[in-house]
Amino acid sequence: RKSVIRITTGSQALDELLGGGIETLSITEAFGEFRSGKTQLAHTLCVSTQLPIHMHGGNGKVAYIDTEGTFRPDRIVPIAERFGMDANAVLDNIIYARAYTYEHQYNLLLGLAAKMAEEPFRLLIVDSVIALFRVDFSGRGELAERQQKLAQMLSRLTKIAEEFNVAVYMTNQVIADPGGGMFISDPKKPAGGHVLAHASTIRLMLRKGKGEQRVCKIFDAPNLPEAEAVFQITPGGIMD
Ligand code: ATP
Ligand code: MG
């Protein structure tokens, strides 16, 4: 049996909320309004996953699937330095791919599984898991098909997490509700419906606080209380 590894988020408060960090063998979903820190947390995890186990890392490589073009290698440098790691070595251990369609995204996952069979990966990031589905199935009457394809993709993510003892960190968007004739985004409603809700082991809701402060709330998790943690986005990544 594989045993769970917990990877630090960079914030002690957030780690405590999560029971030690984000877990391998499961899917952690983060959703929330724009600039709430979903992608910044992804960047921090890219580095912390490479820390040795005794430093609350995962001692493994990282795969990053980017559907929005928001990965910044330059951001990795100060985060690596903050953890006392060599930035070039850290960057070398991040396998990055930009996905342009939902099918492309799916095929990248198939290719990654082959790579993970050969090298020790501990983290797979998909930022965002749903953006391309919303673009590729934007027509009326396409929702059922979208949900079916989304379920297929999510089941691959579950399989990767379990087969390779990897932590999957995926970001999600919030839905826009028609209200008073205008579409207003609701920061408390994750997109993806029950298909996404069912796939995520832990669902985190992020929101903006004062200045660079952010708040993370456990939205849904089988064995964690519905508590909150406050963290900061800094040049060195996520911190208390
Ligand atoms: P979206 O829904 O648009 O993808 P997001 O939740 O992914 O949003 P992030 O990109 O993670 O949001 O967060 C962006 C915020 O992170 C910025 O508004 C800024 O406050 C903060 N930030 C980004 N880079 C730095 C940095 N180098 N130093 C400090 N804070 C930073
Ligand atoms: Mg983002």
Side-chain angles (χ1 to χ4, degrees), residues 7-11 13-15 17-18 21-22 27-49 62-85 87 90-91 94 96-100 102 105 108 123-135 138 157 167-177 183-192 196 200 202-219 228-240:
I7 299 165
T8 181
T9 60
S11 152
L14 190 48
D15 285 352
L17 184 77
L18 297 172
I22 71 149
I27 298 185
T28 302
E29 170 197 345
F31 71 90
E33 58 192 317
F34 72 102
R35 297 173 69 180
S36 58
K38 304 180 292 292
T39 300
Q40 291 301 314
L41 178 54
H43 281 72
T44 304
L45 291 169
C46 275
V47 179
S48 65
T49 297
V62 177
Y64 198 117
I65 296 181
D66 184 1
T67 69
E68 300 183 310
T70 52
F71 177 69
R72 296 285 175 274
D74 290 355
R75 262 316 267 126
I76 297 299
V77 177
I79 301 174
E81 284 165 359
R82 170 249 176 133
F83 284 105
M85 300 170 88
V90 168
L91 281 166
I94 303 170
Y96 172 85
R98 174 90 158 86
Y100 293 96
Y102 83 90
Q105 188 176 339
L108 285 170
L123 176 68
L124 167 58
I125 289 164
V126 188
D127 184 21
S128 103
V129 77
I130 201 158
L132 295 173
F133 287 84
R134 293 178 115 183
V135 175
S138 58
L157 291 177
V168 173
Y169 171 77
M170 63 183 190
T171 68
N172 186 15
Q173 300 168 324
V174 295
I175 65 165
D177 267 338
F183 277 87
I184 297 170
S185 71
D186 183 338
K188 292 190 175 63
K189 281 196 189 153
L196 216 142
S200 305
I202 300 179
R203 313 193 88 185
L204 305 176
M205 186 169 83
L206 303 188
R207 69 170 193 271
K208 281 174 261 193
K210 290 189 205 101
E212 297 311 303
Q213 277 191 351
R214 298 294 185 272
V215 184
C216 175
K217 185 182 162 95
I218 303 282
F219 186 75
E228 290 187 346
V230 177
F231 63 89
Q232 316 248 5
I233 306 176
T234 76
I238 301 299
M239 282 191 203
D240 279 314

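Note that ligands are numbered from 1 as they come in the structure, with each ligand's atoms numbered from 1 the same way. Model, not experiment: these values are computed from the prediction. Values reported hereafter were calculated over all heavy atoms of this structure, with side chains retained and with hydrogens, waters and symmetry mates removed.
Looking only at side-chain heavy atoms (C-beta outward), Met170 and Leu196 come within less than 4.5 Å of each other. Contact annotation: the side chain of Asp127 never approaches that of Thr67 to less than 4.5 Å [non-hydrogen atoms, C-beta and beyond].
Heavy atoms of Gln173 found under 4.0 angstrom from ligand 1: none, in either backbone or side chain. With a 4.0 Å cut-off on non-hydrogen atoms, Thr70 does not touch ligand 1 at all. Contact annotation: for Arg214 versus ligand 1, heavy atoms closer than 4.0 Å belong to the side chain alone.
Classification of the Tyr64-Tyr96 ring pair by plane angle, with boundaries at 30° and 60°, yields tilted. Taking the six-membered ring for Trp and thresholds of 30 and 60 degrees, Phe31 and Phe219 have ring planes more than 60 degrees apart, a perpendicular arrangement.
Nearest protein neighbour of atom 22 (N) of ligand 1, counting heavy atoms only, is Ile233 CG2, 3.6 Å. Looking at atom 2 (O) of ligand 1, its nearest protein heavy atom turns out to be Lys38 NZ, 2.8 Å. Annotation: atom 3 (O) of ligand 1 to nearest protein heavy atom, Phe34 CB, 3.5 Å.
Listed by atom number, the atoms of ligand 1 under 4.0 Å from Ser36 heavy atoms are 5 (P), 6 (O), 12 (O). Listed by atom number, the atoms of ligand 1 under 4.0 Å from Pro235 heavy atoms are 27 (N), 28 (N), 29 (C).
Gln173 pairs with exactly one of Lys189, Glu68, Glu33 by the side-chain hydrogen bond (donor to acceptor under 3.5 Å, both in side chains) rule, that one being Glu68. Each of Thr28, Ile238, Leu123 was evaluated against Leu45; a single residue qualifies, Leu123, per the side-chain contact (heavy atoms from CB on, under 4.5 Å) test.
The shortest N/O to N/O separation between Gly37 and ligand 1 falls below 3.5 Å.
Distances from atom 18 (O) of ligand 1 to the heavy atoms of Gln213, Arg35, Glu33 put Arg35 nearest. For atom 23 (C) of ligand 1, the choice among Arg207, Gln40, Gln232, Glu212 with the nearest heavy atom turns out to be Gln40.
The backbone N or O of Gly37 sits nowhere less than 3.5 Å from a side-chain atom of Lys208 that would complete a donor-acceptor pair. Proximity of a side-chain donor or acceptor of Lys38 to a complementary backbone N or O of Leu206 within less than 3.5 Å is not detected.
Taking 2.8 Å as the criterion, Ser128 does not count as a coordinating residue of the Mg ion (ligand 2), since none of its N, O or S atoms falls below it.
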